[in-house]
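Everything on this sheet refers to the single structure shown next.
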Amino acid sequence: MALWFGLLLLGAIAAPSASAQTAPQDEAAQWEDVGQTGFGTKRLVLASACIEACPWGELGDFVKEALAPDGYEIILCRNCNRTEGPRIVARASYPPPLVEDDLRHGTVRRVRAKIDFGITEASMLVWAHAGQHIYAKDGPYPDLRLIARIEDPTYLLVAVKPELGIKSLAEVRERKLPVRIITDFQPTVMPVLEYYRLDRKSLESWGGALMPPRDITADTPFDIVISSLASPANNPESAFWTTVTVGHKLQFLDLPEDLLDRLVKDTGMVRTKARWGLLRGVDRTIPTVGRSGEVIFARTDMPDDVAYAIARAADRNRGELKWFVRPYSIDPLTVADGKGVPLHPGAARYYREKGYID
């Protein structure tokens with residue numbers, strides 16, 4: 001996640017693409033020489049993310065610390081994030097140029113080394129491997145392999161200001177309400193906007209707007225929030241939920257059954273319930289959908305003993321996961337589940353030895 005899902009479609013829908021956002025510094029000065037790296041050196045470069053509680057960033061710290069006792073030095077690429085991680089790992093390429101969003105979150109250097117393995121969101125790994133959604137134009141990447149799945153739940157929730165007086169998002173279009181909607185433009189959210197025909201052009205014609213959650217404060221004017229990153233955790237991608245629910249009285253809406261079914265079918269999310277008190281204003285159990293899963297992943301060229309060591313180290317140190325900004329966990333029943341992405345043979349050997357898989 002990190003930025004966790006990285007505002008996946010924001011570049012295409014709401015703002016200039018990441019490649020078009022020029023970082024305000026000389027590109028030559030961005031490089032950091034890290035010496036010799038690669039599978040033969042035990043100095044591996046991991047596609048990670050920012051130091052400011054970005055999920056893929058703090059999971060990078062977890063992997064780095066977990067592997068240190070085994071003699072591995074893990075070098076974190078702090079800007080191998082957003083949608084780029086699976087591409088960079090699949091292509092064994094160098095980190096991309098820094099963009100403004102990297103600098104905003106404290107990443108000012110990029111390592112001068114090819115990427116060996118990575119961390120990303122579980123669905124994004126599936127999409128990249130299969131060439132779907134955001135990877136439809138450049139994928140598939142069939143050489144990607146799962147090493148470990150780490151659980152990390154968030155919910156799809158819709159919240160509105162009570163003064164709007166609406167019980168369904170359908171009323172926005174019916175009444176042509178000039179509402180300002182905070183949303184993250186992810187593939188797990190776009191079906192909701194499409195279902196209610198809340199496109200940017202229509203909203204703007206009524207005086208409304210679609211707004212990214214970036215830089216949201218308690219004073220930011222808004223009317224509705226639609227996001228699949230709902231969580232009380234303070235990582236950059238979810239923290240705005242705490243900001244808006246603490247700063248405003250909000251009413252949470254139910255979504256119709258046929259839309260929830262579509263979200264499960266088309267996005268890979270699962271049916272779940274947001275329970276009382278998840279966020280301020282959640283005053284009942286809300287049937288919805290959610291997603292859970294970040295992944296440590298690699299390519300087919302990673303030696304089996306290296307993948308084995310990574311899987312073993314993550315499992316051995318899984319108790320440390322609960323102490324991060326997001327309370328991650330490793331479930332032996334799901335750690336090897338790539339949802340269609342093959343498990344690396346080295347990781348598979350470790351999980352068979354532990355009895356996690358047959």
Run the side chain to side chain donor-acceptor pair (under 3.5 Å) test on Ser231 and Ser238 for me, step by step, so that the C-alpha distance in whole Å, both residues' side-chain angles and the decisive distance to 0.1 Å come before the verdict.
CA-CA 6 Å; Ser231 163; Ser238 295; 4.6 Å; no
Go through the steps to decide whether Arg280 and Thr242 satisfy the test side-chain contact (heavy atoms from CB on, under 4.5 Å), and finish with yes or no.
CA-CA 8 Å; Arg280 182 174 180 265; Thr242 301; over 6 Å; no
What verdict does the side-chain contact (heavy atoms from CB on, under 4.5 Å) test give for Trp31 and Val111, after you've listed the backbone C-alpha separation in whole Å, the side-chain angles of each residue and the deciding distance to 0.1 Å?
CA-CA 6 Å; Trp31 289 108; Val111 296; over 6 Å; no
Check step by step if side chain to side chain donor-acceptor pair (under 3.5 Å) holds for Tyr351 and Asp315.
CA-CA 9 Å; Tyr351 297 136; Asp315 189 40; over 6 Å; no
Could you walk me through whether Asp254 and Thr288 pass side-chain contact (heavy atoms from CB on, under 4.5 Å), step by step?
CA-CA 8 Å; Asp254 290 332; Thr288 186; over 6 Å; no
Stepwise side-chain contact (heavy atoms from CB on, under 4.5 Å) test for Val108 and Leu103
CA-CA 6 Å; Val108 297; Leu103 304 181; 4.1 Å; yes
For a salt bridge (Lys or Arg N to Asp or Glu O under 4.0 Å) check, start with the C-alpha distance between Asp143 and Arg299, then their side-chain angles and the critical distance, and finish with the verdict.
CA-CA 5 Å; Asp143 289 336; Arg299 298 182 301 272; over 6 Å; no
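Considering all non-hydrogen atoms of both residues, Ala130 and Pro140 come closest at C-CB, 3.5 Å. Closest of all the heavy-atom pairs between Ile51 and His105 is CG1-O, 4.2 Å. Shortest non-hydrogen contact noted between Ala274 and Leu278 is CB-CD2, 4.0 Å. The shortest heavy-atom contact between Leu144 and Ala128 is CD1-CB, 3.9 Å. Shown here for Ile357 and Ala348, the closest heavy-atom pair between the two residues is CD1-O, 3.8 Å. Scanning all heavy atoms of the two residues, the minimum distance from Ser123 to Thr267 falls at OG-O, 4.2 Å.
Tyr356 and Ile330 end up in the same hydrophobic cluster when Ile, Leu, Val, Met, Phe, Trp and Tyr side chains are linked at under 4.5 Å. When hydrophobic clusters are built by joining Ile, Leu, Val, Met, Phe, Trp and Tyr residues whose side-chain heavy atoms come closer than 4.5 Å, directly or via intermediates, Tyr155 is not grouped with Val160. Residues Val325 and Leu76 are members of separate hydrophobic clusters, defined by side-chain heavy-atom contacts under 4.5 angstrom among Ile, Leu, Val, Met, Phe, Trp and Tyr. Residues Val306 and Leu46 share a single hydrophobic cluster, defined by chaining ILVMFWY side chains whose heavy atoms lie under 4.5 Å apart. In this structure, Ile166 is not a member of the same hydrophobic cluster as Leu250, with clusters built from ILVMFWY side-chain heavy atoms closer than 4.5 Å.
By the 6.0 Å and 45° rule, Arg284 does not stack over the aromatic ring of Trp276. The cationic group of Arg180 does not satisfy the cation-pi geometry with Phe222, failing either the under 6.0 Å distance to the six-membered ring centre or the 45° limit from the ring axis.
We find the CZ-CD distance between Arg197 and Glu174 to be 9.0 Å, quoted to the nearest 0.5 Å. Here the CD atom belonging to Glu58 is positioned 9.0 Å from the SG atom belonging to Cys50, to the nearest 0.5 angstrom. Atom CG of Leu169 sits about 8.5 Å away from atom CG of Leu193, to the nearest 0.5 Å. Annotation: the span from Thr154 atom OG1 to Asp152 atom CG amounts to 7.0 Å, rounded to 0.5 Å. The structure places CG of Leu44 at 6.5 Å from OH of Tyr72, a figure rounded to the nearest 0.5 Å. The CZ atom of Arg291 lies 9.0 Å from the CD atom of Glu151; values are rounded to the nearest 0.5 Å.
The existence of a salt bridge linking Asp61 and Arg78 is confirmed by a sub-4.0 Å separation between a basic side-chain nitrogen and an acidic carboxylate oxygen. Electrostatic pairing of Arg318 and Asp331 does not count as a salt bridge here, judged by no charged N lying under 4.0 Å from a carboxylate O. Under a 4.0 Å N-O distance rule, the pair Asp199/Lys201 does not qualify as a salt bridge. Salt bridge present: Glu257 and Arg271 bring a charged side-chain N and a carboxylate O closer than 4.0 Å. Salt bridge status for Arg349 with Glu353: present, with a side-chain N to carboxylate O gap under 4.0 Å. Under 4.0 Å is where a charged nitrogen must lie from a carboxylate oxygen, and between Glu100 and Arg104 no such pair does. Look at Arg112 and Asp33 and you find a salt bridge, because one of the NZ, NE, NH1 or NH2 atoms lies within 4.0 Å of a carboxylate O, short of that distance. Of the charged side-chain nitrogens involved, at least one lies within less than 4.0 Å of a carboxylate oxygen, so that Arg87 and Asp138 count as a salt-bridged pair.
Ring planes of Phe62 and Phe324: perpendicular class, angle over 60° (limits at 30 and 60°).
Counting heavy atoms from C-beta outward, Val172 and Tyr196 have side chains that stay 4.5 Å or more apart. Within the 4.5 Å cutoff, the side chain of Phe185 has heavy atoms near those of the Pro212 side chain. Between Thr120 and Ile296 the shortest side-chain heavy-atom distance does not fall below 4.5 Å. A 4.5 Å side-chain heavy-atom check between Tyr141 and Arg91 finds at least one atom pair inside the cut-off. Side-chain atoms of Leu203 and Leu177, non-hydrogen and from C-beta on, never get closer than 4.5 Å to each other. Using a 4.5 Å heavy-atom threshold, the side chains of Met302 and Arg145 count as separate. When side chains are defined from C-beta on, Phe297 does not count as touching Ile147, because their heavy atoms never get closer than 4.5 Å. Within the 4.5 Å cutoff, the side chain of Lys161 has no heavy atoms near those of the Lys249 side chain.
A distance-only check finds no donor-acceptor pair linking the side chain of Tyr195 to the backbone of Arg262 [under 3.5 Å]. Lys64 places a side-chain N or O within donor-acceptor distance of the main-chain N or O of Ile74, the cut-off being under 3.5 Å. Distance alone, capped at 3.5 Å, is enough to place a donor-acceptor pair between the Glu171 side chain and the Lys167 backbone.
Partner of Leu210 under the side-chain contact (heavy atoms from CB on, under 4.5 Å) criterion, chosen from Ile226, Val179, Thr183: Thr183. Between Asp102 and the options Gln30, Arg82, Arg109, a side-chain hydrogen bond (donor to acceptor under 3.5 Å, both in side chains) holds for only Arg82.
Residues Arg110 and Asn79 have side chains that never bring a donor and an acceptor to within less than 3.5 angstrom of each other. Remark: the Ser205 side chain and the Ser202 side chain contain no N/O donor-acceptor pair separated by less than 3.5 Å.
Enclosure of atom NZ in Lys42 by more than 12 non-hydrogen atoms of other residues, nucleotides or ligands within 6.0 angstrom is indicated. No more than 12 heavy atoms of other residues, nucleotides or ligands shown are found within 6.0 angstrom of CD on Gln36.
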